[in-house]
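All values reported here derive from a predicted model rather than from experimental measurement. The sequence lines fix the lettering, A, B, ..., with proteins before strands; numbering per chain opens at 1.
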2 protein chains.
Amino acid sequence: MRYHKIPDETVRRLPMYLRGLLLCREQGVRDVSSRKLSELLHISPAQIRKDLSYFGAFGTPGVGYDTAKLAKQIRGILKIDTPNKAALVGLGNLGSALLKYPGFGAYGLQISAVFDNDPGKIGKIVKKVKVEDVSKLSTLKNKNIKLGIIAVPASAAQSVADALVKAGIRGILNFAPFYLDVPKKVKVITIDIAMVLARLPYYLPASA
Amino acid sequence: MRYHKIPDETVRRLPMYLRGLLLCREQGVRDVSSRKLSELLHISPAQIRKDLSYFGAFGTPGVGYDTAKLAKQIRGILKIDTPNKAALVGLGNLGSALLKYPGFGAYGLQISAVFDNDPGKIGKIVKKVKVEDVSKLSTLKNKNIKLGIIAVPASAAQSVADALVKAGIRGILNFAPFYLDVPKKVKVITIDIAMVLARLPYYLPASA
DNA sequence: TAAAGTTTGTGATTGAGTTCTCAATCACCA
DNA sequence: TGGTGATTGAGAACTCAATCACAAACTTTA
Ligand SMILES: NC(=O)c1ccc[n+]([C@@H]2O[C@H](COP(=O)([O-])OP(=O)(O)OC[C@H]3O[C@@H](n4cnc5c(N)ncnc54)[C@H](O)[C@@H]3O)[C@@H](O)[C@H]2O)c1
Ligand SMILES: NC(=O)c1ccc[n+]([C@@H]2O[C@H](COP(=O)([O-])OP(=O)(O)OC[C@H]3O[C@@H](n4cnc5c(N)ncnc54)[C@H](O)[C@@H]3O)[C@@H](O)[C@H]2O)c1
């Protein structure tokens with residue numbers, strides 16, 4: 001296919017396709033059609049084919065997609081074919097959960113540095129990672145870490161973001177309920193869990 | 001304004017507006033224009049006005065929106081003007097963080113029931129809530145709890161969802177990386193944290 | 001009271017993303 | 001080798017959401 005701007009929504013769905021493909025491979029399925037993937041992920045077959053077509057032609061007409069080959073392609077597109085290291089700031093309730101979570105590995109992601117400002121936490125070793133003082137954030141520069149995760153209170157989020165950017169971070173996953181002001185070259189994705197939950201009652205039947 | 005279907009995206013933004021309004025009120029601001037709100041939330045003024053206009057005319061030309069009044073309106077629209085109780089299933093790393101989080105209160109949400117299947121956790125009392133056996137999920141029916149939060153491993157998510165639906169739950173926030181099959185009357189929102197994080201490397205500069 | 005300056009609410013417009021459709025491609029089999 | 005059936009890839013059509021732009025509504029000031 002020819003030159004095209006890739007919709008953000010397409011990028012958002014790519015990891016889902018990867019998850020579906022991994023699921024297929026676990027079950028020993030070698031080839032999967034867009035229709036079968038659709039049943040697994042509940043994304044329309046046309047959507048899947050169009051999304052993939054932005055990046056090239058990976059399928060075989062009459063057969064579908066080779067699960068292993070397509071997974072590799074998607075990993076390449078997402079740049080998770082080589083491992084990515086991430087720095088976590090804020091080892092509170094949420095930060096601890098993230099650090100202990102083994103599921104990031106499937107996407108080539110690893111939390112390999114942790115920072116906090118609580119003297120009671122600094123120096124501790126959790127999951128083989130030593131908790132460092134947040135003032136040492138600048139040491140990230142020498143560690144080839146380009147991703148940051150913010151799990152500090154909202155009041156500290158902006159200053160942490162500033163420090164991360166100064167330390168060479170180029171992508172931030174932010175859990176604090178706060179809009180982060182960063183240079184354009186830095187990509188921020190915010191997950192505000194409370195806000196997502198707050199949206200559920202809207203869909204409840206009126207009677208309740 | 002005339003009859004209109006409300007875009008899902010609009011509903012998604014309503015809690016943001018509420019957050020902005022609360023921020024304003026904390027600072028003693030009585031009236032706020034769409035332009036000022038825009039600077040706070042980084043959503044365009046036109047977007048804010050259009051979103052609000054789906055539900056009525058809440059502002060005053062030349063002045064803006066009364067923060068207290070608009071906050072009340074939005075709470076009403078989202079149905080969080082009266083408290084909503086939620087049941088949490090899975091008191092692992094993530095579930096514990098959620099249970100301890102005080103920020104849900106701002107949206108009238110409260111986790112008032114917790115379930116797990118680990119005998120070592122059942123019976124414990126955390127944050128004044130007693131952890132119950134997951135087999136007792138049906139008791140929710142008598143408690144007027146309409147919201148559920150799933151924080152169990154992916155392999156258990158569907159069965160937990162089924163049990164929640166059977167117990168009368170009508171809205172589910174799911175953290176398991178799995179598509180949940182539920183009746184149409186039940187609204188599911190899934191947050192797959194790993195998948196969101198997996199999207200960040202895509203935006204990194206090619207050199208890295 | 002009148003004129004100047006804001007800001008809302010919304011119809012019209014633009015733009016982005018999804019779905020439709022079908023010719024082209026490939027595996028399989030007789 | 002040619003026919004059958006399945007499935008892709010991508011242009012066209014469509015749907016839905018975001019932005020524009022301005023009349024109407026309000027405040028302030030003199
Ligand atoms: N826990 C949840 O379920 C949940 C839900 C929604 C949103 N959030 C948001 O996620 C963020 C973290 O939540 P949490 O529950 O883990 O909070 P927490 O209070 O448990 O942990 C915050 C951690 O950040 C550290 N910290 C504070 N200021 C710091 C600074 N300037 N530099 C470095 N570290 C600092 C603290 O020492 C603590 O370890 C908050 O912004 C919260 O609003 C959490
Ligand atoms: N922790 C994270 O940062 C993180 C990140 C992304 C996704 N997730 C997802 O969130 C979910 C929970 O993650 P976690 O880290 O808290 O896992 P966890 O293993 O720490 O906790 C899971 C909890 O669920 C309980 N449980 C298991 N089966 C159950 C069942 N059938 N009924 C009731 N309870 C049951 C376990 O006893 C345990 O307490 C998982 O699906 C995980 O993939 C977590």
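Of the residues near DNA chain C, B/Ser34 and A/Lys50, the one whose nearest nucleotide (by heavy atom distance) lies more toward the 5' end is B/Ser34. Between A/Val63 and A/Arg12, the residue whose closest nucleotide on DNA chain C is further toward the 5' end is A/Arg12.
Among the atoms of the strands shown, only primed sugar atoms or phosphate atoms (P, OP1, OP2) are found under 4.0 Å from some heavy atom of B/Asp8. Residue contacts for A/Ser44: at a heavy-atom cut-off of 4.0 Å it reaches the sugar-phosphate backbone alone, with no base atom in range.
Distance B/Asp66 CG to D/dA25 P: 21 Å, rounded to the nearest Å. Rounded to whole angstrom, the span from the CG atom of A/Leu70 across to the P atom of D/dT8 amounts to 11 Å. Rounded to whole Å, atom C1' of C/dT10 lies 15 Å from atom CZ of B/Phe55. Atoms CD1 (A/Ile48) and P (D/dT8) sit 9 Å apart, rounded to a whole Å. The distance between atom CG of A/Leu41 and atom C1' of C/dT18, rounded to the nearest whole Å, is 17 Å. In this structure, A/Tyr54 places its OH atom 8 Å from P of C/dG17, rounding to the nearest Å. The distance from atom CZ of B/Arg13 to atom P of D/dA17 is 9 Å, rounded to the nearest whole Å. Between the P atom of C/dC20 and the CZ atom of A/Arg35 lies a distance of 16 Å, rounded to the nearest Å.
Between D/dT8, C/dT8, C/dT18, one nucleotide has an atom nearer to the side chain of B/Pro61 than all others, and that is C/dT8. For A/Arg49, the side-chain atoms get nearest to D/dT8 when compared with the rest of C/dC20, D/dT8, D/dT19. Among the nucleotides C/dT7, C/dG9, C/dT18, the one closest to any side-chain atom of B/Tyr65 is C/dG9. In the set C/dG9, D/dG9, D/dT8, the nucleotide with an atom closest to the side chain of A/Ser53 is D/dG9. With C/dG17, D/dA17, C/dT18 as the choices, the nucleotide that has an atom nearest any side-chain atom of A/Gln47 turns out to be C/dT18. Set against C/dG17, D/dT19, C/dC26, the side chain of A/Thr60 has C/dC26 as its closest nucleotide.
Using a distance-only test at 3.5 Å, with no hydrogens or angles considered, a donor-acceptor pair links the side chain of B/Ser38 to the main chain of B/Ile43. At distances below 3.5 Å, not a single donor-acceptor pair connects side-chain atoms of A/Thr67 with backbone N or O atoms of A/Val32. Panel note: side chain A/Asn144, backbone A/Lys85; no donor-acceptor pair is recorded below 3.5 Å. Between the side chain of B/Lys100 and the backbone N or O of A/Asn93 there is no donor-acceptor pair closer than 3.5 Å.
Between A/Tyr202 and B/Phe55, the ring planes lie perpendicular to each other; the angle is over 60°, past the 30° to 60° tilted range.
Rounding to the nearest 0.5 Å places CG of A/Leu40 at 12.5 Å from CZ of A/Arg35.
Residues from residues 18-29 of chain B with heavy atoms under 4.0 angstrom of DNA chain C: there are none.
Under 4.0 Å is where a charged nitrogen must lie from a carboxylate oxygen, and between A/Glu39 and A/Lys36 no such pair does.
A pairwise comparison of heavy atoms in A/Phe115 and A/Asp133 identifies CD2-O, 3.4 Å as the closest pair.
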